[in-house]
Each structure stands twice: as C-alpha cells, then as structure tokens.
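Just below is one structure, and these are the notes that go with it.
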2 protein chains.
Amino acid sequence: MICTDKNCFSPETVRRLAVYLQNFERLIKNGVDVVSSGQISKLLNVSPEQFRKDLSYFGEFGKRGVGYQTESLVYELKKILGLNQAWQVALVGVGRLGCALLNSQDFSELNVRITAAFDSDKKNIDKTVNGIHIHDIINFKKIIKQKKIRICVISVPLDHAQAVTDLAVESGIEAILNFAPVILNVPENIHVSNMDIYCELERLIFFLNK
Amino acid sequence: MICTDKNCFSPETVRRLAVYLQNFERLIKNGVDVVSSGQISKLLNVSPEQFRKDLSYFGEFGKRGVGYQTESLVYELKKILGLNQAWQVALVGVGRLGCALLNSQDFSELNVRITAAFDSDKKNIDKTVNGIHIHDIINFKKIIKQKKIRICVISVPLDHAQAVTDLAVESGIEAILNFAPVILNVPENIHVSNMDIYCELERLIFFLNK
DNA sequence: ATAACTTTGTTAATTATTTCACAAAATATA
DNA sequence: TATATTTTGTGAAATAATTAACAAAGTTAT
Ligand SMILES: NC(=O)c1ccc[n+]([C@@H]2O[C@H](COP(=O)([O-])OP(=O)(O)OC[C@H]3O[C@@H](n4cnc5c(N)ncnc54)[C@H](O)[C@@H]3O)[C@@H](O)[C@H]2O)c1
Ligand SMILES: NC(=O)c1ccc[n+]([C@@H]2O[C@H](COP(=O)([O-])OP(=O)(O)OC[C@H]3O[C@@H](n4cnc5c(N)ncnc54)[C@H](O)[C@@H]3O)[C@@H](O)[C@H]2O)c1
C-alpha cells in the first residue's frame with residue numbers, strides 16, 4: 001500500500017507497471033496496435049483483472065469492447081513511472097559485474113542510463129567502459145551534486161557496500177540498487193532495492209523440495 | 001500462501017528465510033553466538049514479529065528470554081531451505097553477465113554452485129571460466145540428464161531466452177533464474193524467478209517522483 | 001436500428017499477510 | 001526462593017492485496 005487512501009495500489013503494482021511498459025514497447029516493435037487485458041494475461045502471467053486494476057489506480061487508458069492501444073499505453077506508463085524525463089544513474093564498483101552492467105547498456109533505452117561510474121582501484125580509474133568514464137570514488141560527492149544524480153547502483157564487494165552507501169546518502173543519493181549480498185543501513189527516506197542472486201537461487205531450491 | 005492450511009507462510013517468507021540465513025552466517029563469522037529477534041530487526045529491517053512468525057511456520061528455534069543461537073539457526077534454516085545437500089546449477093549464455101556470474105562464484109558457498117555452463121558461440125565453447133567448462137548448447141540435454149541438474153540460470157540475449165527456456169524445460173529443468181528482460185512462457189510446474197535490473201530501476205524512479 | 005457480443009473500469013467479497021497482544025518460558029536479581 | 005525482566009511463540013485482529021462480479025461503453029453482425 002503506497003498512499004493512505006482506502007483503496008490504493010501496492011508496491012507490487014509498481015513492479016508490474018514496469019513489466020507492462022517493457023512488454024508494451026516490445027508489442028509496438030512487433031507491430032501490435034491494440035491488445036486486450038485477456039491477451040496480456042496470457043503473455044505476462046498476470047490475471048486480466050490484475051492488469052486492469054493496476055492501471056485503474058492511475059486513470060482510464062483502455063477502450064471498452066476493444067482493449068488498449070499499445071502506443072498510447074506506453075506513453076501513459078512512462079508518465080506514471082516518471083520516465084518521460086531522462087534519469088541519470090551512478091554506478092559504484094566497476095569490477096566484473098559493474099563492467100557487465102556498463103557494457104550491456106542499451107542505448108536505445110533513452111530514459112534511464114548509467115552516466116557516471118566510480119571505482120577506488122587505480123587500475124580502473126580514468127579508464128572508459130562502453131564510453132563511460134570511470135571516476136575516482138574520491139570525487140563521488142562532487143560529481144553527483146554537479147550532475148544532480150539521485151540514483152546509484154552499488155556493485156562493490158560485500159565489505160565495502162555499507163561505506164559506499166554512507167557516502168551515497170551523504171552525497172544526496174535518494175535511491176540505491178544494491179547487488180552486494182548485505183542489507184544496507186539507510187535513513188528512512190532512502191529507497192533501496194536488493195538484487196541477490198544467491199537468495200533467489202535458494203528460494204527456487206526451497207520450492208524444488210516440495 | 002504456500003500450503004492449504006488455514007495459517008500458512010507466504011512466498012515472501014521464503015525470500016526472507018534466505019536473507020536470514022545469509023545474515024546469520026555472517027553473524028557467526030563475526031563471532032556472534034546469540035541474537036534476539038529485536039536485534040535482528042534492527043539489522044535486517046524486518047519487524048521482530050515478522051522474523052519470529054516466519055520461523056514459527058517451521059518450528060521453534062529460539063529460547064525464550066534469550067534469543068536465537070546463530071549456529072543452530074543456520075543449521076535449521078539450511079534444512080528448511082533444502083541447503084543441507086549440494087545443488088548443482090546450469091548456466092546458459094556465457095557473455096558479459098554470465099562470465100561475471102561464473103567469476104564471482106564464491107567457493108566457500110558449498111551448497112549452491114554453477115557446475116555446468118553452456119553457450120552457442122564457437123568462440124566460447126570448450127573454454128574455461130573460473131574452472132568451469134563451457135559446453136556447446138547442443139549437448140545441454142545430455143549433460144543436464146547426466147548430472148541430474150534441476151536448476152538453470154539464463155543469461156542469453158532477449159531474443160534467445162524463450163528458445164533456451166523451451167530446451168531447458170524439455171531437458172527436465174524444474175527451476176529457472178532468468179536475467180533476460182522478458183516474461184518466459186513455461187508449464188505450470190516450472191518455477192521461474194526474474195531478475196530485471198531495468199524494471200527495478202524504474203520502480204525506484206517511480207518512488208523518487210512522489 | 002437492434003441485438004448479440006466484447007472488453008473495460010470499479011465496487012464488493014475474498015483471500016493473504018502482517019501486526020498486535022499476551023501467555024509461556026527462561027533468565028537475572030534481590 | 002521469590003520477583004522482576006527478557007524474549008519467544010502464537011492465536012486473534014487488523015491491514016493489504018487479489019479476485020470476482022457486473023454495469024457501462026464500445027463494436028460487430030444482421
Ligand atoms: N559478479 C556477479 O555476477 C555478482 C553476482 C551477484 C552479486 N554480486 C555482488 O556484486 C558485488 C560486485 O561483484 P564483482 O564480482 O563485480 O566484484 P569485483 O571484485 O570484480 O568488483 C568490485 C569492484 O569494486 C571496486 N571497489 C571496491 N571498493 C570500492 C569502494 N570503496 N569504492 C569504489 N569502488 C570500490 C573494486 O575496485 C572492484 O573494481 C559483490 O558484492 C558481489 O557479491 C556479483
Ligand atoms: N550484462 C548485464 O549486466 C545484464 C544486466 C541485466 C540483464 N542482462 C540480460 O542478460 C542477458 C545477457 O546479457 P549479456 O550482456 O551478458 O549479453 P552477451 O551478448 O554479452 O552474452 C550473451 C551470451 O549468450 C550466448 N548465446 C546466445 N544465444 C544462445 C543460445 N541459444 N544458447 C546458448 N548461448 C547463447 C552468446 O553467445 C553470448 O555469449 C541479456 O538478456 C541481457 O538483457 C544483462
């Protein structure tokens with residue numbers, strides 16, 4: 001539950017909206033003009049009611065008897081998610097994972113992009129990966145303020161993650177995507193999302209044991 | 001809700017159990033012998049009641065007036081999650097991300113390990129990354145059957161992910177950890193977990209707009 | 001133009017998950 | 001030994017999220 005209204009959307013709704021956007025963009029590429037919630041349901045493993053309800057929290061985007069126009073829904077979803085403006089992202093830790101992240105950046109994805117990378121190792125500093133300059137972590141605060149960056153990806157080793165987090169918070173970062181397998185300690189107003197591959201594998205293993 | 005009982009645990013409970021395990025292992029390393037749910041709460045941003053209830057679905061592991069012994073809780077959590085046996089994992093797609101995954105394997109993590117890697121590119125086949133041999137994807141089914149592997153990580157490009165998934169399912173794989181930004185179509189009995197960095201970034205951006 | 005379909009948007013009902021509240025158990029203190 | 005303190009484990013209550021049901025709106029066929 002995100003707002004305090006009686007009838008409001010869940011954090012899961014937001015996660016699903018991002019999935020909808022991604023898939024509607026693909027539908028456009030595939031030449032699909034209009035889809036119904038029923039078709040979406042089969043494509044995305046989400047019930048048609050769920051899909052319609054998720055959208056209904058933000059407005060009326062479909063046409064009864066017809067469905068949803070892919071073009072206009074992409075526009076609306078971007079507006080809802082705040083992707084009608086460009087978002088710069090910082091990355092700290094240009095090791096194996098960090099490098100993979102930088103290299104796999106899809107430059108057709110215009111709205112969200114890692115534009116500043118940082119490392120503490122002399123071997124990496126001032127190198128360029130996929131066109132992105134690697135700065136000395138020493139200059140993190142200065143560059144974050146300068147570029148007005150609000151989001152940071154952390155891919156440093158476990159035992160440096162909290163120190164980097166503290167620096168990020170101190171520098172005005174408001175949201176963190178964390179790959180280190182540790183729960184970060186942050187002030188209440190900072191958003192953190194953890195991506196932990198081993199936890200995820202363990203979750204799958206649990207279900208295999210049933 | 002996982003079982004059909006009146007009072008049963010949620011999928012989120014399982015995800016948290018994996019986080020508890022990870023952090024209790026760390027506590028042991030740090031020489032901590034006993035912790036209370038209150039202390040855990042501060043460490044992991046989970047309410048003490050949540051922590052206690054999550055465990056209570058599986059048994060009584062604490063000592064009233066005292067707390068939880070780290071050693072014995074790790075043992076119990078491993079048993080609950082099915083990690084008291086070794087799990088072999090396959091990886092398909094040894095590109096940038098796949099390579100990072102192979103290289104970052106921590107060999108002290110004894111229970112879950114990628115032991116077979118596959119690619120379709122001649123340049124990669126029969127090479128070795130961090131001691132793991134890269135097989136031709138052609139031999140996937142044979143090797144999976146041979147090694148009795150039940151879990152597969154997919155890190156191939158978007159437009160190959162469904163084909164690899166179909167091959168995996170056909171080969172008897174029961175759980176998939178998918179990094180490609182696409183919702184995979186699988187039979188009901190196959191477990192899929194998606195890790196999508198861009199969806200996660202977009203979710204964070206949504207909350208920055210509030 | 002009307003009737004038969006299709007599909008959305010939304011309220012209400014249901015189901016799921018978390019939080020609360022407190023008894024039971026263990027320990028520490030006096 | 002008795003009392004105060006701590007902390008667990010757990011039903012009951014509260015909150016949250018999903019699903020169901022259906023009226024409203026649009027389309028297609030006759
Ligand atoms: N590689 C993966 O596939 C993978 C998967 C899951 C999780 N992770 C996690 O992601 C993190 C990174 O993994 P990796 O394999 O890329 O490690 P890595 O050792 O290859 O890279 C870490 C990088 O961080 C830099 N670094 C260290 N301390 C720093 C600091 N204080 N400030 C700035 N930079 C700093 C190092 O110089 C290095 O370049 C780890 O926490 C790991 O557990 C990685
Ligand atoms: N690199 C990242 O950090 C990152 C982050 C998020 C998501 N992803 C996703 O992970 C996937 C891989 O990304 P990447 O950057 O490593 O790509 P990549 O192109 O570097 O690597 C893909 C690898 O898959 C292999 N491959 C292709 N088709 C195959 C098939 N049918 N069978 C076996 N192997 C096959 C290729 O030969 C290549 O080695 C993509 O779907 C990407 O969107 C990557």
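Throughout, a chain's letter reflects where its sequence line sits, starting with A, and its residues are numbered from 1.
For the pair A:Arg15 CZ and D:dA17 P, the computed distance is 12 Å after rounding to whole Å. Atom CD in A:Glu60 sits roughly 14 Å away from atom P in D:dA24 (whole-Å rounding). Atom OH in A:Tyr68 sits about 13 Å away from atom C1' in D:dG26, given to the nearest Å. The CD-C1' distance, from A:Glu76 to C:dT8, rounds to 15 Å in whole Å. When the P atom of C:dT8 is taken as reference, atom CG of A:Leu73 falls 11 Å away, rounded to whole Å. Atom pair A:Lys63:NZ and C:dC5:C1' shows a separation of 17 Å (rounding to whole Å applied). Computed from coordinates, the A:Glu12 CD to D:dT18 P distance equals 7 Å when rounded to whole Å. Summarising the geometry, the separation between CG on B:Asp54 and C1' on D:dG9 is reported as 13 Å, rounded to the nearest angstrom.
In this structure, the separation between CD1 on A:Ile190 and OG1 on A:Thr165 is 10.0 Å, given to the nearest 0.5 Å.
Counting only heavy atoms from C-beta on, B:Ser47 has its side chain closest to C:dT19 among D:dT10, C:dT19, D:dT18.
No hydrogens or angles considered: a donor-acceptor pair under 3.5 Å links the side chains of B:Asn194 and B:Asn178.
Contacts of B:Phe61 with the nucleic acid, taken as non-hydrogen atoms under 4.0 Å apart, involve only primed sugar atoms and P, OP1 or OP2. No engagement by B:Phe58 is indicated, since no non-hydrogen atom pair under 4.0 Å with the nucleic acid exists.
A 4.5 Å side-chain heavy-atom check between B:Ile197 and A:Phe179 finds at least one atom pair inside the cut-off.
Around atom NZ of A:Lys79, no more than 12 heavy atoms belonging to other residues, nucleotides or ligands sit under 6.0 Å away.
Between B:Lys78 and B:Glu25 there is a salt bridge, with a side-chain nitrogen of the basic residue lying less than 4.0 Å from a carboxylate oxygen of the acidic one. Of the charged side-chain nitrogens involved, none lies within less than 4.0 Å of a carboxylate oxygen, so that B:Arg15 and A:Glu202 do not count as a salt-bridged pair. Classification of B:Arg52 and B:Glu49 as a salt-bridged pair fails, no side-chain N sitting under 4.0 Å from a carboxylate O.
In this model, the phosphate group of C:dT18 is approached by a side-chain N or O of B:Ser10 to a distance below 4.0 Å at OP1 or OP2. Distances shown here put every side-chain N or O of B:Gln50 at or beyond 4.0 Å from the OP1 or OP2 atom of C:dT17.
In summary, the aromatic rings of B:Phe58 and B:Phe9 are positioned with their centroids under 6.0 Å apart.
Of the options B:His191, B:Gln88, B:Glu174, a side chain to side chain donor-acceptor pair (under 3.5 Å) to B:Arg150 is made by B:Glu174 and by none of the others.
For the segment residues 16-46 of chain B, residues with any heavy atom less than 4.0 angstrom from an atom of DNA chain C are, sorted by number, B:Arg16.
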Extract from the structure each pairing of a protein N or O with an N or O of nucleotides 20-25 of chain C at less than 3.5 Å, listing the distance.
from: C:dA24; atom 1: N3; to: B:Arg64; atom 2: NH1; distance (Å): 2.8

